[in-house]
Amino acid sequence: MSSGLYHLVLRLPAPVTTRIGALGTVTLPAGWYVYTGSGGVNLERRVERHFRRSKPLRWHIDYLTTHPGVRVV
């Protein structure tokens, strides 16, 4: 098992409007985004989770990675 920080690169080819947890409805312009997270003791599992489209919405980033207009690259 490994631990540490990781970066996800997200591509929004078009503007995205979505609800993000307690933040409410947010509109993000098209472009590239970088998310930095901490993997704890299960870094590989955490990163793999971000690539799944179907998952419980636990963290704010989950609302983006499950949106059909967002691509995790």
Side-chain angles (χ1 to χ4, degrees):
M1 290 187 276
S2 62
S3 64
L5 296 176
Y6 61 93
H7 303 287
L8 291 179
V9 177
L10 307 169
R11 173 76 175 130
L12 281 65
V16 168
T17 299
T18 188
R19 185 178 87 69
I20 299 182
L23 295 174
T25 301
V26 176
T27 299
L28 297 172
W32 294 90
Y33 293 82
V34 176
Y35 170 81
T36 301
S38 173
V41 294
N42 293 308
L43 180 62
E44 291 88 2
R45 286 180 48 201
R46 176 66 60 88
V47 172
E48 288 171 4
R49 182 181 192 283
H50 290 300
F51 284 89
R52 292 197 313 257
R53 290 287 186 174
S54 178
K55 60 189 161 202
L57 302 178
R58 179 173 296 148
W59 295 286
H60 286 101
I61 191 66
D62 292 341
Y63 292 86
L64 283 179
T65 58
T66 57
H67 190 281
V70 175
R71 204 173 111 216
V72 179
V73 296

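- For the residue pair H50/Y6, the side-chain donor-acceptor check at 3.5 Å is satisfied.
- Note: L8 CG to T65 OG1 = 8.0 Å, rounded to the nearest 0.5 Å.
- Distance check, rounded to the nearest 0.5 Å: CZ of R52 to OG1 of T66 gives 11.5 Å.
- For R49, the salt bridge (Lys or Arg N to Asp or Glu O under 4.0 Å) criterion is met by D62, not counting sequence neighbours.
- Taking CG from L64 and CZ from R71, the interatomic distance works out to 15.0 Å, rounded to the nearest 0.5 Å.
- Transitive grouping of hydrophobic side chains (ILVMFWY, heavy atoms separated by less than 4.5 Å) keeps I61 and L5 in distinct clusters.
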Atom pairs and distances, side-chain donor-acceptor, residues 13-34, under 3.5 Å, sequence neighbours left out:
unit_1	atom_1	unit_2	atom_2	d
T17	OG1	T27	OG1	2.9
R19	NH1	G21	O	2.9
Y33	OH	P29	O	2.8

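- Judged by distance alone, the side chain of R11 and the main-chain N or O of V70 form no donor-acceptor pair under 3.5 Å.
- When all heavy atoms of W59 and Y63 are compared, the pair lying nearest together is O-CD1, 3.6 Å.
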